[in-house]
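Report on one structure; see the data block that follows.
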Amino acid sequence: MTTRPHSAGRYAPSPSGRLHIGNLRTALIAYGLAVRSGRRFVMRVEDIDRVKEGAAADQLADLAALGITWQHPELYQSTRAEAHQQALAELTRRSLTYECYCSRKDILAAPTAPHTPPGSYPGTCRDISETERERARERLAAAGRSPSIRLRADTRSFTVTEQIVGVSPIAPEDATTSYTGVVDDFVLRRGDGVLAYNLVAVLDDAYQGVDQVCRGDDLFASAPRQAYLAAILGVTEPVYAHVPLVVNEEGARLAKRDGSVTLPQLIEAGWTTGDVIEWCATSLALPRVRTAEDFVAECSLSALRAACGPHVFAPPTP
Ligand code: GLU
């Protein structure tokens with residue numbers, strides 16, 4: 001096996017609650033792909049927003065209980081606040097940012113330019129005059145709001161390298177495909193002062209040496225924005241490996257209200273960690289393995305590529 005000591009794969013949970021079986025499955029896959037490709041596996045607790053007391057420790061304990069190991073210590077994103085602020089200041093110094101005074105409602109109501117894809121920022125505040133900015137700042141301040149900061153992107157799209165979505169299962173293991181997606185003037189600092197996920201994720205992936213980003217395919221559309229930002233910042237653009245989300249029987253994203261979906265709930269319902277791993281493996285059409293080590297041995301990119309489509313979890317009744 002090739003080893004790539006300078007490369008890493010990662011799992012980056014937001015500590016907003018307990019991980020459910022879909023999150024655990026994504027973590028197992030991210031772990032598997034990193035180990036199989038000779039990468040280090042690192043953990044990042046994305047704790048700058050939506051933090052629930054005690055959730056980070058519970059999440060890490062559940063991942064460890066499944067047999068996932070990572071390079072210690074894990075990175076708590078909140079400890080990098082100074083580096084994050086410096087990077088934003090540097091982008092501003094390079095004239096790559098601007099203040100935006102739009103609310104979500106303003107953006108939805110704005111007339112879209114002919115080539116602006118739905119949902120992307122139409123550029124309302126990109127080229128307004130300083131007088132207009134002064135007025136807008138006052139208007140926001142009177143409403144108790146502050147401007148957000150956006151990236152001044154010099155492109156409308158960017159191409160990323162993907163290892164799973166769209167790659168044929170019979171393609172060679174190291175095959176990739178290109179995906180070109182929208183890059184708009186996305187938010188770098190939100191109106192409430194919190195630095196945006198897209199910015200801090202890119203900075204921290206680079207800091208942790210991450211060059212393989214495996215995560216749920218709900219973040220597929222974020223990849224071109226993040227890779228573009230990495231290019232601007234002069235850091236490594238990772239290769240992406242997006243995996244299907246686990247859904248409930250109605251086809252909606254798995255959630256707490258679906259019943260026994262977290263590790264302690266499943267254990268309460270009589271499952272073992274081996275049962276959880278086995279469910280994760282068989283839901284991906286992998287052989288019936290029951291340990292993280294065996295899961296790693298089976299989760300090849302070609303097997304994962306073959307396992308597309310919705311992955312339904314019907315929770316056991318305790
Ligand atoms: N923290 C994000 C989440 O838990 C994942 C971000 C990422 O993997 O890039 O949904």
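For ligands, and for the atoms within them, numbers begin at 1 and follow the listed sequence. Everything numeric in this text was worked out from a predicted model, so none of it was measured.
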- Message: Using the rule side chain to side chain contact (heavy atoms under 4.5 Å, CB included), only one of Leu24, Val45, Leu19 pairs with Tyr11; which is it?
- Response: Leu19

- Message: With the threshold set at under 4.0 angstrom, would you say Ala201 reaches ligand 1 through any of its heavy atoms?
- Response: no

- How far is atom 3 (C) of ligand 1 from its nearest protein heavy atom, and which residue and atom name does that atom have? Ser14 OG, 3.6 Å

- Item | From OH (Tyr240) to CG (Leu219), nearest 0.5 Å | 10.5 Å

- Note on the structure: The atoms of ligand 1 lying under 4.0 Å from a heavy atom of Arg10, numbered in the order shown, are 7 (C), 8 (O), 9 (O)

- Does the separation of the ring centres of Tyr179 and Phe220 fall below 6.0 angstrom? yes

- Note on the structure: of all protein heavy atoms, closest to atom 5 (C) of ligand 1 is Ala12 O, 3.4 Å

- Minimum-distance pair of heavy atoms, taken over all atoms of Ala56 and Pro15: N-CB, 3.7 Å

- Query: Can you list the atoms of ligand 1 that are under 4.0 Å from a heavy atom of Leu219?
  - Reply: 5 (C), 6 (C), 7 (C)

- Which heavy atom of Leu266 sits nearest a heavy atom of Ser260, and at what distance? CD2-O, 3.4 Å

- Task: Quick one: look at Tyr197 and ligand 1, take heavy-atom pairs under 4.0 Å, and tell me if it's side chain, backbone, both or neither.
- Result: side chain

